[in-house]
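Since the structure comes first, as structure tokens, the remarks are kept for the end.
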Amino acid sequence: MTPAEINTYDATTAQRMITDGRFTASDYLRACLKRIDERESDIGAWAYIARENALRQVANLQSDGERSSLRGIPVAIKDIIATY
């Protein structure tokens, strides 16, 4: 499975595949960030990405053993209010 394929999974499918060991939460996050990097210059959807924080958090998730339904799934919040 290539990183280009990993980022196409929805949260439910990705979580199931992470739990099954088909790829890690870190793999999924990195694939999503890579796709953002590839398309952001055309789309311009992001004002800020907490990339280093997300990578640090996913590394900690993999080592603590705790489980939840959205564990390791990156989340983005879309603001529809002009803030300038």
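These numbers come from a predicted model, not from an experiment.
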Original post:
Is there a side-chain contact between Arg30 and Leu55, using heavy atoms and a 4.5 Å cut-off?
Top reply: yes
Original post:
Who passes side-chain contact (heavy atoms from CB on, under 4.5 Å) against Ala47, sequence neighbours left out?
Top reply: none
Original post:
Where is the tightest heavy-atom contact between Ser26 and Val58, given as atom of each residue plus distance?
Top reply: N-CG2, 3.6 Å
**OP:** Return each pair, listed once, that meets salt bridge (Lys or Arg N to Asp or Glu O under 4.0 Å) where at least one residue sits in residues 42-61; pairs must be two or more places apart or across chains.
**Re:** Asp37-Arg51, Arg39-Asp42
**OP:** Can you sort out the partners of Ala45 under side-chain contact (heavy atoms from CB on, under 4.5 Å), two or more places apart, ordered by chain and number?
**Re:** Glu40, Ile43
Subject >> Hydrophobic cluster of Ile77, others only, ordered by chain and residue number, side-chain cut-off 4.5 Å >> reply: Val75
Original post:
Do any N or O atoms from the side chain of Asp27 and from the backbone of Thr24 form a donor-acceptor pair under 3.5 angstrom?
Top reply: yes
**OP:** Starting at CD1 of Ile49, measure out to CD1 of Ile36 and round the result to the nearest 0.5 Å.
**Re:** 4.5 Å
Subject >> Approximate separation, where rounding is to 0.5 Å, of Arg35 CZ and Thr8 OG1 >> reply: 10.0 Å
Original post:
Does Tyr28 use its side chain to pair, donor to acceptor, with the backbone of Met17 at less than 3.5 Å?
Top reply: no
**OP:** Return the set of residues passing salt bridge (Lys or Arg N to Asp or Glu O under 4.0 Å) with Arg16 (not counting sequence neighbours), or none when no residue passes.
**Re:** none
Original post:
Shortest non-hydrogen contact from Gly72 to Ile18?
Top reply: O-CD1, 4.5 Å
Subject >> For the student: nearest non-hydrogen atoms of Trp46 and Ala76, plus distance >> reply: CH2-CB, 3.3 Å
**OP:** Provide the closest heavy-atom pair for Leu70 versus Ala11 in the form atom of the first, atom of the second, distance.
**Re:** CD2-CB, 4.2 Å
**OP:** Check whether any side-chain N or O of Thr13 sits under 3.5 Å from a backbone N or O of Asp10 as a donor-acceptor pair, and report yes or no.
**Re:** no
Original post:
What pairs with Ser41 under side-chain hydrogen bond (donor to acceptor under 3.5 Å, both in side chains), at least two apart in sequence or on another chain?
Top reply: none
